[in-house]
Structures are given as C-alpha cells and as structure tokens.
Amino acid sequence: MPELPEVEVVRRGLERGVVGRVIASVEVCHPRAVRRHLAGAADFRSLLVGRRITAANRRGKYLWLAVGAEAEPVGSPARPDAPGEDALIAHLGMSGQLLVVPAATPDQKHLRVRFVFADRGRELRFVDQRTFGGLAIAVGGGALPEPIAHIARDPLDPAFDEDLVVLRLRRRRTGIKRALLDQTVVSGVGNIYADEALWAARLHYARPTETMTGPEIRRLLSAVRTVMAAALTAGGTSFDRLYVSAEGVSGMFERSLEVYGRAGQACRRCGAIIRRDAFMNRSSFTCPTCQPTPRRARW
DNA sequence: TCCGGCACCTGTACGC
DNA sequence: TGCGTACAGGTGCCGG
C-alpha cells in the first residue's frame with residue numbers, strides 16, 4: 001500500500017525522470033483513471049499536450065506535477081510557485097504506479113494512462129491494478145492544487161506544526177488510530193505505518209484521543225517520523241510487485257516491520273504473540289502486552 | 001461540525 | 001480443475 005515513504009520515493013523518481021520535459025501526447029487507456037477530472041479524458045489530454053513539466057511535488061500521499069508553458073527554455077529552474085502553472089494531480093490509491101520506462105517496454109496489463117514526451121525518450125505510465133488511484137488536472141494549481149488543499153502536512157514536512165497537531169488530536173473524540181489515519185489532521189499515515197508507530201509508542205489503537213496527554217501524542221508522532229524515515233531510507237515498504245519506485249524498483253522495508261502482518265508470531269520486544277483485530281474494515285496488528293487494551297476504548 | 005460506516009475495485013489465497 | 005468467497009485498504013460520500 002503506497003503510504004508517504006513510497007509516494008516520496010516515486011516523487012523523487014519523477015523529479016529525475018520527467019521534470020523539464022515537454023508532453024507530446026497523452027493516451028487515456030481507461031477512463032476510470034481520470035474519473036476525478038470531471039471534464040473528461042479529452043479535456044485531460046488537451047490541457048497537457050505541449051506543456052512542460054516544471055516540478056514534482058507531494059502533499060501527504062498526493063503527488064502533483066506542475067506544468068507550465070512549452071515556451072519556457074529548457075533547463076530553466078523548477079518554479080513550483082510560478083503563477084499560471086497547472087497541476088497534474090496523482091494519487092496511487094491501493095495499487096497505483098507511476099513508471100518512467102523506455103518506450104519499447106511492453107504495455108503493462110493494467111496500463112491506464114501513457115504520457116509520451118517530445119524528446120521521444122522514456123515514457124511516463126500510470127499503471128493501476130485496482131483503479132483506486134487516479135489522475136486529474138487542477139487549473140492554476142501549480143503551487144498547491146485546490147483539490148488537495150485540505151490535506152494536512154506530513155510529519156516529515158519541514159513546515160509540520162507539531163503543537164497544532166497535538167491540539168487537534170486532543171480535541172477529537174475518537175480512537176487514536178482512526179485519528180491518525182485522518183489525512184486532514186496529519187497526512188501520509190496509512191494502515192501499515194499507523195500500526196508500526198503505535199507499537200513503537202506502546203499505544204493501543206483504540207485509545208481515546210481525548211484521554212491522551214501531550215507527551216504521549218508527541219511520542220507517537222516521533223514514532224511515526226522514525227518509522228517513516230526508516231522506510232524512506234529503505235526505499236519504501238514492499239509486499240509484492242505492486243509497490244515500486246518510478247524506476248520499477250521494489251522497497252525492502254517489509255523485512256523490518258515489527259507488527260504489521262505478523263499475527264501469530266512473537267513480539268520482538270517482549271515475546272507475546274501478535275494479534276490481529278478487524279478494525280475499520282481492515283486489520284490492526286498489536287502486541288497484547290506492549291499495547292494493552294485501554295479501560296476506556298473507542299473502536 | 002464531527003464521527004463512523006460503506007462503496008469503490010481486482011488479484012490472490014483458500015476451501016469445497 | 002473450476003467455482004465461490006473472503007480479504008487486502010485509501011479516499012470520498014452520506015447519514016446520524
């Protein structure tokens with residue numbers, strides 16, 4: 001599942017592979033991939049052809065490529081805040097990939113959108129098995145596209161305001177994992193890293209947010225940062241071929257997951273058997289000893 | 001306004 | 001071998 005580290009790995013690959021290049025043609029192979037572009041596939045294509053990609057940006061799990069006018073000289077510095085730029089927004093969903101590959105590469109089975117560049121070099125392909133992900137264009141959204149303005153900053157963002165996040169979390173009336181997965185409070189955290197960070201901070205996922213102290217929340221946010229930074233260093237979590245960088249390379253972080261996917265195995269900290277609970281239509285993995293169920297719990 | 005449930009989607013694993 | 005079912009889960013929408 002692409003979470004923040006995986007998306008950042010992809011962003012870096014896009015920065016290396018497509019920034020500075022001019023889009024020559026766009027082929028939408030599956031309309032669902034651009035369903036969030038309400039004006040349709042034809043409009044999606046027409047807004048991109050002839051435009052130069054000037055920057056690869058990210059907010060939480062959303063990516064966007066800033067696209068400017070073709071007339072800008074080759075090699076001009078990326079200007080993410082330049083007025084008049086539009087944004088090609090991408091979300092990888094559950095299984096999306098943005099791949100920069102040689103044009104001769106055989107089409108992937110789940111190829112949804114193909115971008116061909118004027119230099120006839122490597123193509124950009126959006127491949128998505130489950131089609132939870134998608135692409136859209138926000139006009140004038142080169143700096144921060146309006147459709148993703150509601151997404152909070154992530155814990156690795158230099159402008160992340162920890163005091164504000166502590167305040168917002170303590171104001172909530174819900175379980176801490178549910179709050180952690182809310183991208184409008186803190187972004188970039190998905191099911192895997194939520195479980196890993198909660199284990200590291202010795203907190204149960206059903207702990208009511210309003211009972212948490214400031215230091216406890218800061219400990220949790222610190223754990224989130226640590227887990228994400230480690231995953232980023234390792235190239236992102238990888239469970240199968242679905243989760244790859246723009247160059248098609250799988251991450252290696254799975255090997256160091258402490259609780260996620262380890263139901264029935266011993267906790268590496270205390271030896272208790274990791275348990276799996278159904279939670280929010282998905283799974284939560286906890287150590288019953290390190291993360292005891294709170295007396296007051298919000299499921 | 002906040003919270004929680006659910007649909008969306010398809011490949012894989014598993015049981016019969 | 002083939003069929004049916006459960007499961008994986010990020011996001012947005014809707015009802016309470």
Side-chain angles (χ1 to χ4, degrees), chain A residues 1-8 10 29-38 58-64 89-98 108-113 126-136 138 145-152 154 165 167-198 205-212 224 228 231 236-244 250 254 257 259-264 275-285 296-299:
Chain A
M1 298 94 240
E3 298 186 26
L4 186 149
E6 291 76 23
V7 177
E8 175 59 19
V10 171
C29 309
H30 195 303
R32 185 174 156 78
V34 295
R35 66 191 180 284
R36 288 178 189 148
H37 188 77
L38 300 180
R58 180 183 61 75
R59 173 65 69 95
K61 300 173 200 169
Y62 281 89
L63 291 163
W64 77 94
I89 304 170
H91 196 288
L92 303 179
M94 293 287 298
S95 55
Q97 303 173 9
L98 279 165
Q108 290 79 2
K109 183 177 178 183
H110 302 290
L111 173 62
R112 308 302 189 194
V113 183
F126 179 64
V127 178
D128 191 6
Q129 177 192 97
R130 297 177 197 172
T131 64
F132 273 42
L135 309 177
E146 188 277 331
I148 58 174
H150 64 290
I151 302 294
D154 64 73
V165 172
L167 194 66
R168 293 193 67 190
L169 282 171
R170 294 189 67 190
R171 278 184 186 159
R172 300 293 293 267
R173 295 287 183 274
T174 187
I176 184 60
K177 180 172 176 181
R178 198 180 283 274
L180 208 53
L181 294 175
D182 184 341
Q183 304 296 302
T184 66
V185 177
V186 51
S187 72
V189 183
N191 201 42
I192 299 173
Y193 296 128
D195 278 4
E196 291 296 306
L198 286 165
Y205 62 85
R207 175 75 181 273
T209 47
E210 70 271 23
T211 70
M212 293 186 69
V224 170
M228 283 184 171
T237 297
S238 173
F239 289 87
D240 53 42
R241 289 179 299 108
L242 290 180
Y243 315 117
V244 296
S250 292
E254 181 203 358
L257 291 177
V259 283
Y260 186 87
R262 295 191 65 239
R275 56 179 290 179
R276 171 190 172 276
D277 298 329
F279 174 74
M280 286 179 73
N281 289 328
R282 51 207 55 160
S283 296
S284 267
F285 296 89
R296 284 178 56 197
R298 284 188 183 275
W299 308 98

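Worth saying up front: this structure is predicted, and the values here are computed from it rather than measured. We name chains A, B, ... by the order of the sequence lines, and we start the count at 1 in each one.
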Asks: Looking at every strand, decide which applies to Arg276(A) at a 4.0 Å heavy-atom threshold: base, sugar-phosphate, or nothing.
Replies: sugar-phosphate
Asks: Whole Å only: how far is the CD atom of Glu210(A) from the P atom of dC2(B)?
Replies: 15 Å
Asks: Send over the distance from Met94(A) CE to dT12(B) C1', rounded to a whole Å.
Replies: 13 Å
Asks: Any carboxylate oxygen within less than 4.0 angstrom of a Lys/Arg side-chain nitrogen, looking at Asp154(A) and Lys61(A)?
Replies: no
Asks: Does Arg172(A) offer a backbone N or O that forms a donor-acceptor pair with the side chain of Arg170(A) under 3.5 Å?
Replies: no
Asks: Look at the side chain of Asn191(A) and decide which nucleotide, out of dG10(C), dC2(B), dC9(B), has an atom nearest to it.
Replies: dG10(C)
Asks: With respect to the phosphate group of dG10(C), does any side-chain polar atom (N or O) of Arg282(A) fall under 4.0 Å of OP1 or OP2?
Replies: yes
Asks: With sugar-phosphate meaning primed atoms plus P, OP1 and OP2, does His150(A) contact a base, only sugar-phosphate, or nothing at under 4.0 Å between heavy atoms?
Replies: sugar-phosphate
Asks: Under 4.0 Å, heavy atoms only, any strand: does Tyr62(A) hit a base, just the sugar-phosphate, or nothing?
Replies: sugar-phosphate
Asks: With respect to the phosphate group of dC2(B), does any side-chain polar atom (N or O) of Arg173(A) fall under 4.0 Å of OP1 or OP2?
Replies: no
Asks: Please state whether the rings of Tyr205(A) and Phe279(A) are parallel, tilted or perpendicular, taking 30° and 60° as the class boundaries.
Replies: tilted
Asks: Answer yes or no: does a side-chain N or O of Gln183(A) lie under 4.0 Å from OP1 or OP2 of dT11(C)?
Replies: yes
Asks: Would you mind telling me which of dC3(B), dT11(C), dG11(B) lies closest to the side-chain atoms of Lys109(A)?
Replies: dG11(B)
Asks: Does Thr131(A) have a side-chain nitrogen or oxygen under 4.0 Å from the phosphate oxygens OP1 or OP2 of dC8(B)?
Replies: no
Asks: Given atom CG of Leu111(A) and atom P of dT10(B), what is their separation to the nearest angstrom?
Replies: 15 Å
Asks: What's the closest nucleotide to the His110(A) side chain, out of dA8(C), dG10(C), dT10(B)?
Replies: dT10(B)
Asks: Which of these nucleotides, dG5(B), dT10(B), dT11(C), is closest to any side-chain atom of Arg178(A)?
Replies: dG5(B)
Asks: Kindly point out which of dT10(B), dT11(C), dC8(B) is positioned nearest to the side chain of His91(A)?
Replies: dT11(C)
Asks: Find the distance between CG (Asp195(A)) and NZ (Lys177(A)) and round it off to the nearest 0.5 Å.
Replies: 3.5 Å
Asks: Taking atom CZ of Arg32(A) as the centre, does the number of heavy atoms from other residues, nucleotides or ligands within less than 6.0 Å exceed 12?
Replies: yes
Asks: Just N and O in the side chain of Thr174(A): are any of them under 4.0 Å from OP1 or OP2 of dG4(B)?
Replies: yes
Asks: Within this structure, what is the CZ-to-P distance between Phe285(A) and dA8(C), rounded to whole angstrom?
Replies: 7 Å
Asks: Rounded to whole Å, please give me the gap between CZ in Phe279(A) and P in dG5(B).
Replies: 9 Å
Asks: Which whole-number value in Å describes the distance from Ile192(A) CD1 to dG10(C) P?
Replies: 7 Å
Asks: Where do Ser187(A) and Gly60(A) come nearest, in terms of heavy atoms and distance?
Replies: OG-CA, 3.2 Å
Asks: Can you check the Arg59(A) CZ to dG10(C) C1' distance for me, whole Å?
Replies: 18 Å
Asks: What is the distance, rounded to the nearest whole Å, between atom CG of Asp182(A) and atom P of dC3(B)?
Replies: 8 Å
